There are 2 protein chains.
Amino acid sequence: MSVQARSIATRTRLLEATVAALVERGAHGTSLAEVCRRAGASKGALLHHYPRRADLFAAAADHLFALRLAELEEALALGDLADLDALLERLWAIYSGPTLAAWLELVVAARTDPALRVALARVDADLTRRAAALFRQVFGVEDPARATAGARTIMALFDGLSLNLVLGQGEDHARRVLPAVRELLAPWLGKKGSSP
Amino acid sequence: MSVQARSIATRTRLLEATVAALVERGAHGTSLAEVCRRAGASKGALLHHYPRRADLFAAAADHLFALRLAELEEALALGDLADLDALLERLWAIYSGPTLAAWLELVVAARTDPALRVALARVDADLTRRAAALFRQVFGVEDPARATAGARTIMALFDGLSLNLVLGQGEDHARRVLPAVRELLAPWLGKKGSSP
DNA sequence: GGAAAAACGATCCACGTGGCCTGTTTTGTT
DNA sequence: AACAAAACAGGCCACGTGGATCGTTTTTCC
């Protein structure tokens, strides 16, 4: 195995372990030792690739960016877009999944960590741009500003729903708001390409 | 000063210090020492009133419940309800404020802390019930289930917007989605009492 | 094939943390 | 006044943490 291939493999294992730890233990519980344990790596290996803890988290943010974008593209690619219920179901499947939990941990951690915030802000800007592009081409919104605002709004809505999921004792409880969301989005998505 | 009055005063100072620390330093940065420093109390006093760290956070959640409910009631009480822009502005003022930042910290911390989660779930259920009641009487929705779902949806939307605020470098950037939100809510709130 | 560099492993340390513990002061009761 | 009980003060300690500093192995290049 090539040296760089091994390096990439280790980094990948470290990042996946970091994301898993973020999901199961939270940002605070994601200690270097915990990540090493999950990745089957040593502390030396971790600190070799990511000298500071902030570097690991920033890299994890990049990793999550790829994961979230892939999930979004997949959700919008397959299936009938006119079927709003199915679309909401797919979005809900994403936003009740682990990637968003890890993302939540990073965002909240970034609120009081300036270095992490700038890293996440960059990634979030990229994600929003890509999501807006998806939104624009899929729903036929011409105005870029409108597309961006729309994408951000929908993403914010689902972000909030996944927050509710944390406190609700069952998935059913949170899922019960989906009809309301559907009712909220229906008139907006109905007028394809009819932006002023 | 009476003994219980002193006790209450100390507890209040501790809880306000906890909330302030949550806002400025995050859940992880809210150490016992930090809270004592801000409250001007000693470690002994803190551990006397709240033997475990989880007790302090649970009490802080109760404190935040009162704060958030008061803010919501005030926002809905004053002003013209037909003026959707003004209403959104008032809600935005709440959700970009410190109380929601502290709430966010607690919710995310509760995700990986079962004890805190049950405490927060109880408080959140209370808050949702009260918010649904407000929503119901203000907007004239008869069906209780619809009112609950509607209140939860709107709160989720603003929760997500405040999350966006964390990463956006300026308030203007996040505020730009308000027109989209307005457009989203307008048809829904327009049909007062016209639930099927 | 040997040196240089990169990837990796293991150990160690200063430090902040939560919780415990024993005093000390203040209030309420008889 | 005397006593009990609460509120408060602050020192103490075991522990986990991040990060630095070694040493070891593997790959690449000339």
Side-chain angles (χ1 to χ4, degrees), chain A residues 1-22 24-61 105-106 109-110 112-116 119, chain B residues 1-22 24-61 105-106 109-110 112-116 119:
Chain A
M1 196 187 221
S2 140
V3 51
Q4 27 186 335
R6 203 158 59 112
S7 172
I8 290 179
T10 302
R11 273 202 286 263
T12 303
R13 267 165 40 224
L14 284 172
L15 292 183
E16 285 173 351
T18 302
V19 171
L22 282 172
E24 296 178 26
R25 312 278 293 244
H28 178 222
T30 303
S31 64
L32 302 190
E34 178 73 17
V35 173
C36 290
R37 252 197 38 231
R38 290 173 182 262
S42 70
K43 229 170 190 173
L46 205 173
L47 289 175
H48 171 71
H49 292 287
Y50 307 104
R52 330 211 101 234
R53 186 180 137 101
D55 300 328
L56 176 67
F57 275 28
E105 293 285 342
L106 284 184
T112 49
D113 184 329
L116 185 56
Chain B
M1 198 188 220
S2 136
V3 53
Q4 27 187 336
R6 203 159 59 116
S7 172
I8 291 178
T10 302
R11 275 201 286 262
T12 304
R13 266 165 41 224
L14 284 172
L15 292 184
E16 286 173 350
T18 302
V19 171
L22 282 172
E24 296 178 24
R25 312 280 291 246
H28 177 222
T30 303
S31 64
L32 302 189
E34 178 72 19
V35 172
C36 290
R37 252 196 39 229
R38 289 173 183 262
S42 70
K43 228 170 193 174
L46 204 175
L47 291 175
H48 170 72
H49 291 288
Y50 309 104
R52 329 212 99 234
R53 186 181 138 100
D55 301 328
L56 176 67
F57 276 28
E105 294 284 342
L106 284 185
T112 49
D113 185 330
L116 185 56

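Quick note on labels: first sequence line is chain A, next is B, and so on, each numbered from 1. Predicted model only: the values in this text are computed from it and were never measured.
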Visitor: Does the side chain of B/S7 get closer than 4.0 angstrom to OP1 or OP2 of D/dA6 through an N or O atom?
Guide: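 False: B/S7 side-chain N/O out of range (4.0 Å or more) of D/dA6 OP1/OP2.
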Visitor: Return the value, rounded to whole Å, for the distance between atom CZ of B/R52 and atom P of C/dG19.
Guide: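 These atoms are roughly 5 Å apart.
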Visitor: Is any side-chain heavy atom of B/Y50 closer than 4.5 Å to one of B/L32?
Guide: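 No - every pair of side-chain heavy atoms lies 4.5 Å or more apart.
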Visitor: Starting from C1' on D/dT17, measure out to CD on A/E34 and report it in whole angstrom.
Guide: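 My rounded result for the distance is 13 Å.
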Visitor: May I ask you to evaluate whether B/R53 reaches the phosphate of C/dC20, defined as a side-chain N or O under 4.0 Å from OP1 or OP2?
Guide: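 No, no such contact exists.
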Visitor: How many whole angstroms separate atom CZ of B/R11 from atom P of D/dA6?
Guide: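 Distance, rounded to whole Å: 13 Å.
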Visitor: Between B/E34 and B/R37, does any side-chain N to carboxylate O distance fall below 4.0 Å?
Guide: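 Yes, B/E34 and B/R37 are salt-bridged.
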Visitor: Send over the distance from A/L14 CG to C/dA7 P, rounded to a whole Å.
Guide: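 One finds 12 Å between P of C/dA7 and CG of A/L14, rounded.
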Visitor: Over how many whole Å does the gap from B/R37 atom CZ to D/dG10 atom P extend?
Guide: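 Distance, rounded to whole Å: 15 Å.
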Visitor: How close do B/L116 and B/A58 get, counting heavy atoms only, and between which atoms?
Guide: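 Taking B/L116 first and B/A58 second, the nearest heavy atoms are CD1-N, 4.2 Å.
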Visitor: Could you tell me how far apart B/L47 (CG) and D/dA6 (P) are, to the nearest whole angstrom?
Guide: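 It is 18 Å, rounded to the nearest whole Å.
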Visitor: Can you see if the side chain of B/S31 gets near the phosphate of C/dT17 - specifically, an N or O under 4.0 Å from OP1 or OP2?
Guide: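 Checking C/dT17 against B/S31, a side-chain N or O does come within under 4.0 Å of OP1 or OP2.
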Visitor: With a 4.5 Å heavy-atom cut-off, do B/I8 and B/T12 have their side chains touching?
Guide: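 In contact.
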Visitor: Rounded to the nearest angstrom, tell me the gap between atom CG in A/D55 and atom P in D/dA20.
Guide: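 Answer to the nearest Å: 11 Å.
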Visitor: Between A/A60 and A/L106, which heavy-atom pair has the shortest distance, and what is it?
Guide: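 Looking at all heavy atoms of both residues, the closest pair is C-CD1, 4.4 Å.
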Visitor: Using only heavy-atom distances, decide whether a donor-acceptor pair under 3.5 angstrom links the side-chain of A/K43 to the base of C/dG9.
Guide: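 Answer is no: no donor-acceptor pair is held.
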Visitor: With respect to the side chain of A/A33, which nucleotide from C/dT26, D/dT17, C/dG19 is positioned closest?
Guide: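 Shortest atom-to-atom distance from the side chain points to D/dT17.
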Visitor: Nearest-nucleotide wise, let me know which of A/H28 and A/G44 is further upstream toward the 5' end of DNA chain D.
Guide: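 Comparing both residues, the 5'-ward one is A/H28.
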Visitor: Nearest nucleotide by nearest heavy atom, which residue falls closer to the 5' end of DNA chain C, B/L32 or B/Q4?
Guide: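 The residue mapped nearer the 5' terminus is B/L32.
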Visitor: Can you tell me the distance, in whole Å, between the NE2 atom of B/H48 and the C1' atom of C/dT25?
Guide: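 To the nearest whole Å, that distance equals 13 Å.
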Visitor: Quick check on D/dC8: is either OP1 or OP2 less than 4.0 Å from any side-chain nitrogen or oxygen of B/H49?
Guide: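 So the side chain of B/H49 is within the cut-off, an N or O lying under 4.0 Å from OP1 or OP2 of D/dC8.
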